[in-house]
Number of protein chains: 2
Amino acid sequence: MAQSDTVDKILDAAEELFAERGFSETSLRMITSKANVNLAAVNYHFGSKNALIHAVFARFLTPFSATLETAFDALEARCEGKPPTLNQTLWALTESAVRMPQRNEKGISIFMRLLGLAYTQSQGHLRKFLEQEYSEPFGRFMRLLKEATPQLSAVDRYWRIQFMLGATAFTMSSSDALRDILQNKLGVETTVQEIASRLVPFLAAGMQAEDAMLVPPQSEKVSVA
Amino acid sequence: MAQSDTVDKILDAAEELFAERGFSETSLRMITSKANVNLAAVNYHFGSKNALIHAVFARFLTPFSATLETAFDALEARCEGKPPTLNQTLWALTESAVRMPQRNEKGISIFMRLLGLAYTQSQGHLRKFLEQEYSEPFGRFMRLLKEATPQLSAVDRYWRIQFMLGATAFTMSSSDALRDILQNKLGVETTVQEIASRLVPFLAAGMQAEDAMLVPPQSEKVSVA
DNA sequence: GTCTGTTTGAAACATACGTTTGACGCCGTT
DNA sequence: AACGGCGTCAAACGTATGTTTCAAACAGAC
C-alpha cells in the first residue's frame with residue numbers, strides 16, 4: 001500500500017461523515033474506524049482535526065476554483081465586452097460544479113452539503129480558511145452578478161444574493177434533500193444536475209423580481225392580488 | 001425568587017447561546033454560567049439537554065403556531081372559498097412571525113436562526129420533535145401553498161418549497177447576517193420586517209417562475225439570453 | 001414550630017473527546 | 001548487515017462533556 005493510501009482513505013471517510021453528521025458531531029474515532037486506519041493517523045498526516053476539515057475542502061475546492069476560472073474566462077470571451085447575463089453567470093457556475101471530475105456520483109451532493117454546513121455551523125476557523133484561500137473566484141462571481149443586475153440597488157442586490165446563497169446551500173445541505181438525492185426516495189430520478197436545472201430558474205426569477213414591494217410591515221390589512 | 005425564575009433564566013441563556021454557537025457546540029456549563037444558575041438545575045428542571053432544546057423551541061413555537069392558525073383562519077375567511085394567493089399566504093406567515101410578542105427586539109432573528117440550525121444540524125431528535133408537535137400548522141401552510149400554485153407539478157413545487165425554506169432559514173441563520181441585524185453593522189437600519197419585505201417578493205417570483213427551462217445538463221453550449 | 005415536598009449547591013461520576021507518546025515493522029540506502 | 005526515516009499501532013494523557021448524587025436551604029400547610 002502506498003503512503004498516500006491512508007491519507008485518501010481518511011479524506012474519503014471524513015468527507016462522507018462530515019456531510020452526514022456535521023463537523024462537531026463527527027469524532028476522529030468515527031472517521032478512523034470507517035477508514036480502517038489507526039486513530040493517530042489523522043494527527044500524524046494532518047496535524048489536527050481542524051486541519052483535516054480544511055484538507056477535505058481543499059481537495060474539492062482547489063480544482064473547482066480552477067475550473068470555474070476558465071469557465072468565467074470562456075464566458076467573458078464569448079460576450080466580447082458585454083457583461084454576461086444573470087442566467088449565463090449562474091449556469092457557468094452550476095455547470096462548472098456539475099462537470100467537476102468526481103470520485104463518485106454523489107460527490108457534488110456531498111460537497112454541496114459540506115459547503116452549506118461551513119456557512120451554517122459557526123466554525124470560525126473554516127470560514128476564515130475559505131475566505132482566505134478562495135477569495136478570488138468568489139469575488140469574481142460577485143462582480144459578474146453585479147454587472148448582470150445593474151437595475152438593482154446595492155442593498156437589494158446584497159440581500160438577494162444572500163437569498164440565492166441560502167436557497168442553494170440550504171437545499172443541498174438539508175438532510176432530507178440529501179437523502180432524496182442519495183437514495184432516490186422520490187420516484188423520479190433526482191440528480192444534482194436536475195436539482196440545479198430547477199434551482200437556477202428559481203434563483204434567476206427571484207433575483208429579477210420587480211422592485212421589492214415594500215408593504216408597510218405594520219399595516220393591518222394584507223394587499224390582495 | 002419564584003420557582004420558575006430559574007427555568008426562564010435557563011431558557012433565555014440557552015436560546016441565545018444555541019443561536020450563537022449551535023447545539024452541540026454549546027455546553028450545559030456555558031448555559032448555566034450565563035444564566036447564573038447551578039449546573040444541576042438543567043437536568044432537574046428539564047431532564048436532559050435534548051429536552052432543554054425542545055423546551056427552547058416549544059416556548060416560541062407553541063404561541064406562534066396559535067397565532068399562525070388564526071392568521072390563516074382570517075385569510076381564508078376573507079377569501080370566501082377562493083384559495084388565497086401565494087403572496088397572501090407568504091405575508092400571512094411573515095406577519096404572524098413579526099407580530100409575535102417578543103421578549104426583546106432580536107427575538108425573531110434568534111429564533112429564525114434556531115430553526116435554520118434545527119433543519120441543518122442533523123439532530124434527529126429535534127426534527128422528530130418538531131414534526132410531531134407542529135405538524136398541523138405546517139401541513140396547513142403546505143396545503144395553502146399547493147392551492148396557490150396549481151400550475152406547478154408536485155415535483156416542481158416540492159423543490160421550490162425547499163428553495164424557499166432555504167432562502168429564508170439560511171438568511172436568518174447566517175451568522176454574518178445575524179450579526180448585522182443585531183448590531184446594525186450596516187449603515188441602513190436592518191430590521192426583520194425589512195428583510196421579510198425583501199424576501200417575500202423574491203420568494204414569490206421564484207415560486208412562480210416560468211416552467212423550469214430544463215437545459216440538457218450535458219450540453220456543451222449554454223443558452224444565451 | 002414542625003413537618004413535607006420542592007428547589008438549589010458543590011462535588012463527583014462515567015464517558016467521550018482530541019491529542020501525544022513510544023515502541024515496532026517496513027524499506028531503500030550505505 | 002546495519003542504519004535511518006517513515007508510517008503504523010496500541011495505549012495512555014489531560015480535558016470537557018452530560019448526568020447523578022446527596023446534603024442543605026427553602027417554601028407553604030398544618
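From a predicted model like this one, the values you see are computed outputs, not experimental measurements. Reminder, nothing fancy here: chain letters follow the sequence lines and each chain counts from 1. Note that these values count all heavy atoms, side chains included, but never hydrogens, waters or copies made by symmetry.
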If you round to the nearest 0.5 Å, how far is CG of B/L126 from CD of B/E131?
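Interatomic distance, B/E131 CD to B/L126 CG, rounded to 0.5 Å: 10.5 Å.
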Out of curiosity, B/K49 NZ to B/F18 CZ, how far, rounded to the nearest 0.5 Å?
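Separation between the atoms: 5.5 Å.
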Taking the side chain of [X] as heavy atoms from C-beta outward, which of [options] is closest to it?
X	options	value
A/L28	C/dT8, C/dT19, C/dA10	C/dT19
B/Y44	C/dT6, D/dT8, D/dA12	C/dT6
B/S27	D/dT17, D/dT20, C/dT6	D/dT17
A/T6	D/dT8, D/dG18, C/dT19	D/dT8
A/N38	D/dT19, D/dA10, C/dC17	D/dA10
A/L39	D/dT17, C/dT8, C/dT19	C/dT19
B/A40	C/dA10, C/dT8, C/dT21	C/dA10

Report the distance from atom [atom1] of [X] to atom [atom2] of [N], rounded to the nearest whole Å.
X	N	atom1	atom2	result
B/F46	D/dT20	CZ	P	16 Å
A/H45	C/dT19	NE2	P	15 Å
A/F23	C/dC17	CZ	P	17 Å
A/I31	C/dT19	CD1	C1'	14 Å
A/E25	C/dC17	CD	P	12 Å
A/N50	C/dC17	CG	P	16 Å
B/D5	D/dC26	CG	C1'	15 Å
B/R29	C/dC13	CZ	C1'	11 Å

Between the side chains of A/Q162 and B/T171, does any donor sit under 3.5 Å from an acceptor?
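Side-chain D/A pair, A/Q162 to B/T171: absent.
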Ring pair (Phe, Tyr, Trp, His ring centres under 6.0 Å) between A/F60 and A/F64, worked out:
CA-CA 6 Å; A/F60 181 94; A/F64 171 69; 5.8 Å; yes
Determine the sole option in B/R21, B/R59, B/K34 for which the salt bridge (Lys or Arg N to Asp or Glu O under 4.0 Å) test with B/E15 is passed.
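Going through the options one by one, the only one that passes is B/R59.
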Please tell me which of A/G47 and A/M30 maps to the more 5' nucleotide of DNA chain C, matching each residue to the nucleotide holding its nearest heavy atom.
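First, find each residue's nearest nucleotide; the 5'-ward one identifies A/M30.
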Does A/T26 reach a base, just sugar-phosphate, or nothing at all? Heavy atoms under 4.0 Å.
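Sugar-phosphate, no base atom in range.
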